[in-house]
2 protein chains.
Amino acid sequence: MTVEPQRGRAPSIRDVARLAGVSHQTVSRVLNHHPSIRPETKQRVLDVIADMQYKPNRAARALVTSRSRTIGILSASSTQYGPASSIAAIEEAARASGYWVSTANIESSDARSIADGLAHLAAQGIEGLVVIAPQVRVFDTLAQLSIDVPYVSLQSTGRDPDHALSVDQIAGARTATRHLIEQGHRSIYHLAGPQDWIEAEARMRGFLEEMSAQDVPTTAPILGDWTADFGYHAGRELLTVRDFTAIFASNDQMALGLMHAIRDAGLEIPRDISIIGFDDIPEAAHFWPPLTTVRQDFAELGRRCVALLLGDLDPAAPDYRGTITPELVVRGTTGAPAF
Amino acid sequence: MTVEPQRGRAPSIRDVARLAGVSHQTVSRVLNHHPSIRPETKQRVLDVIADMQYKPNRAARALVTSRSRTIGILSASSTQYGPASSIAAIEEAARASGYWVSTANIESSDARSIADGLAHLAAQGIEGLVVIAPQVRVFDTLAQLSIDVPYVSLQSTGRDPDHALSVDQIAGARTATRHLIEQGHRSIYHLAGPQDWIEAEARMRGFLEEMSAQDVPTTAPILGDWTADFGYHAGRELLTVRDFTAIFASNDQMALGLMHAIRDAGLEIPRDISIIGFDDIPEAAHFWPPLTTVRQDFAELGRRCVALLLGDLDPAAPDYRGTITPELVVRGTTGAPAF
DNA sequence: TTTCGGCATGTTCACGGTCACACACGCCGG
DNA sequence: CCGGCGTGTGTGACCGTGAACATGCCGAAA
């Protein structure tokens, strides 16, 4: 009977050591690129590693270093294009830096599910947190649970610049609003996102700022929930009065719903009513008419997000903050108002 | 100097034990719901746990049990509604069962990125794998990397029933096709998804089966890439000849692109050409006209997926396989052909 | 009464890495 | 000629948890 190389159990650093004729510590040094290893020793160890298909045990490493190398994402409405794109980009960037990503999706954004999601991530020992959710409540909860990890939210409030990316949502919203005003609109509604989403708030603020800067009288924004269904129903409601010529929707889905309602009412876009969206989802170019909107680079957002987090974790990581300014994409849903 | 309760380091099971006046193993038993613990001892331990805000160390537990309680998701095009919904549902179901979810999104689906993604997940010690990607290639790669974990793919090929959910894509596609035929269409194109996606293949097969069952002559399906852009360009191409009265698109986005191309050509839907999609994304009801499509319950899919995986991992988990049959949703894009 | 089995709990060890320290060797400067 | 230092390597402890085994006690069966 020969001494089988530990059948049934994955090879450990000590198995590698034995076969390479070195100590387990030497193997560890090879794995961690320790400088003082003789090249031939290193090669021998690497050969054995390849040979045995040795894979380091993450749990063991995490235990002793007390570093999980995991980033958590708390996300609401992750089925939407924007969040989903950012998540994908975050995951990719994290992976490139040797981090893992674990997600907790919350369906409703009540305090309870937020707490559940955060607790779940915390139990995993995440080293950093990305929040794509109603952020106001999340931060409160974070404090309550005394979870203490670096975190980043995808949008800037202005009040917490260290933990947020300066995607200039306000500028984007102002651009959208200005576009409508420049077309000659004076009665413009804003269909905003949920109140406790910071990006919704920022876009709303941009809208209001531009309106007042241009001396156009404003009505109170309508608070929506990001869905096309909501846009549709809000549109039906608004059309019973029809005291406007344009609507700025806080995302493309709600814009789509609005368009549906407007057509249902027998009106034409943009002849009767102009619509502008926000995000530039890939489908927006194929709506009828193709949607004028504001393009956001969600992927870039995700990437910077990780860079920001890793800046806290690994001082080596490149720090490239800076403002991403969304870009107006004029298509077919905006035009001069009819009189 | 008093003996401070280990400032700086998170409390461990032993800290709890010391304060509760028991051994660390007793604490461990409380945590793992071991039956023979005196209720009062248990309570005392639980009190101390709550008091110290003790959180079990996942890495240590994973190390000793050699169970990571992590499910990996390999996903391509996770920004699309379908995959994103399933991912969210998988995550939620896994969380409910005490599992974590780690994702690897791959942008391109070449062998290299698939291998990278899988290696990344494998390095994490995942216990199960969900594949939402071009599955044919993934399974080959899985074997090549000699990664041996239970896996589930979101769609059934028929040939691998243990590792797939029986969402009856074929039946769904047949229903869609039959709907068109019943409306009187005899020249029907199929705009399929990418060839190596099993769901694309299944829908294509359903289309072909129904066409031949009803004795309608068939042309070769066009292989697309799921995007609205592709649908648009394919539509323009097809309209140069215009030897058809209906198109069955393998997903709603491509259907949207087709609709755009058709309208660009000055034609009307469904008067001139009928369109049917697949998935029923939330926006589909608000397209113009609202899209007739086949509804898939992505969330249910995700949930069953986890149940299936956990069936392999935890014999206790409820096993509810069974076929989910997609459902036809008739809206405004299909009608009788004009002659 | 004695033995035995089960309950409640404690003791020790193992998991697979990393870290602190020790050690052997060769080289260089005082 | 010897001590110190840098290089390459080995030894043992330790991270936090759970499993195996041990222990003491109590009640039921022999």
Side-chain angles (χ1 to χ4, degrees), chain A residues 5-46 48-49 52-70 98 100 122-125 127, chain B residues 5-46 48-49 52-70 98 100 122-125 127:
Chain A
Q6 291 282 23
R7 285 197 58 67
R9 192 180 249 15
S12 84
I13 207 175
R14 289 180 160 84
D15 298 321
V16 173
R18 187 157 14 87
L19 260 76
V22 295
S23 75
H24 66 104
Q25 178 60 353
T26 300
V27 178
S28 170
R29 283 196 259 258
V30 170
L31 291 170
N32 294 291
H33 308 105
H34 188 98
S36 56
I37 293 271
R38 242 188 327 152
E40 59 207 77
T41 311
K42 180 170 185 171
Q43 194 50 55
R44 189 150 33 98
V45 170
L46 288 175
V48 175
I49 285 176
M52 304 183 80
Q53 297 204 307
Y54 163 80
K55 304 237 165 43
N57 181 315
R58 191 169 91 103
R61 186 173 279 174
L63 176 59
V64 70
T65 58
S66 53
R67 298 208 42 190
S68 65
R69 294 191 80 82
T70 299
W100 284 274
Q124 188 169 13
E127 289 184 48
Chain B
Q6 292 284 22
R7 286 197 58 68
R9 192 180 245 23
S12 84
I13 208 177
R14 288 185 156 85
D15 298 321
V16 174
R18 189 158 10 91
L19 260 75
V22 295
S23 75
H24 80 271
Q25 179 62 344
T26 300
V27 178
S28 170
R29 287 192 181 104
V30 170
L31 291 170
N32 294 292
H33 308 105
H34 188 99
S36 55
I37 294 272
R38 242 187 327 151
E40 59 208 77
T41 311
K42 181 170 184 171
Q43 194 52 54
R44 190 151 33 98
V45 170
L46 288 175
V48 175
I49 285 176
M52 306 183 77
Q53 296 204 307
Y54 163 80
K55 304 238 163 43
N57 181 316
R58 189 169 91 104
R61 188 173 276 177
L63 177 59
V64 71
T65 57
S66 53
R67 297 209 42 191
S68 65
R69 293 190 82 81
T70 299
W100 284 274
Q124 187 169 14
E127 288 185 49

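Per chain, numbering begins at 1; letters A, B, ... match sequence-line order. Owing to the predicted nature of the structure, the values given are computational and were not obtained by experimental measurement.
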- request: Give the rounded distance in Å between these two atoms: CD of A:E40 and P of D:dT7.
  value: 17 Å
- prompt: Can you check whether B:T41 has a side-chain N or O nearer than 4.0 Å to OP1 or OP2 of C:dA8?
  reply: no
message: Quick check: closest heavy atoms across B:S68 and B:G125, and the distance to 0.1 Å?
response: OG-O, 2.5 Å
- request: Quick one: label A:I37 by what it contacts on the DNA or RNA (base, sugar-phosphate, nothing), any heavy atom closer than 4.0 Å.
  value: sugar-phosphate
query: How far apart are the closest heavy atoms of A:S12 and A:Y54, and which atoms are they?
result: C-CE1, 3.7 Å
task: Answer yes or no: is there a side-chain heavy-atom contact under 4.5 Å between A:E40 and A:R44?
output: no
Test item: B:V45 and B:K42 side chains (from C-beta on) under 4.5 Å apart, heavy atoms: no
message: Please find the pair of heavy atoms, one from B:L63 and one from A:A59, that lie closest to each other, and give the distance.
response: N-CB, 3.8 Å
Contacts of type side-chain contact (heavy atoms from CB on, under 4.5 Å), residue B:A17, not counting sequence neighbours: B:V22, B:H24, B:V27
message: If you compare every side-chain N and O of A:S36 against the phosphate oxygens of D:dT9 (OP1, OP2), does one of them come in below 4.0 Å?
response: no
query: Rounded to whole angstrom units, what separation is found between the CZ atom of B:R44 and the C1' atom of C:dA8?
result: 12 Å
query: To the nearest 0.5 Å, how far apart are OG1 in B:T26 and CD1 in B:I13?
result: 9.5 Å
- request: Check the pair B:R61, B:L31 against side chain to side chain contact (heavy atoms under 4.5 Å, CB included), reporting the backbone distance first and the verdict last.
  value: CA-CA 12 Å; B:R61 188 173 276 177; B:L31 291 170; 4.3 Å; yes
query: In whole angstroms, how far is the P atom of C:dC25 from the CZ atom of A:R38?
result: 13 Å
task: Take A:L63 and B:P39, find for each the nucleotide of DNA chain C with the closest heavy atom, and name the residue whose nucleotide sits nearer the 5' end.
output: B:P39
B/S/- contact track for nucleotides 17-28 of chain D, protein heavy atom under 4.0 Å: BBBB--------
- prompt: Once you round it to whole Å, what is the distance between P of C:dA8 and NZ of B:K42?
  reply: 11 Å
query: Rounded to whole angstroms, how far apart are NE2 on A:H34 and C1' on C:dG17?
result: 16 Å
- line: Axis-to-axis angle across the helix from C:dT1-D:dA30 to C:dG30-D:dC1, five pairs each end, nearest 10 degrees, ~ 60°
- prompt: Would you say the side-chain atoms of B:T70 and B:R58 include a donor-acceptor pair closer than 3.5 Å?
  reply: yes
query: Please give, in whole Å, the distance from D:dG16 P to B:R67 CZ?
result: 23 Å
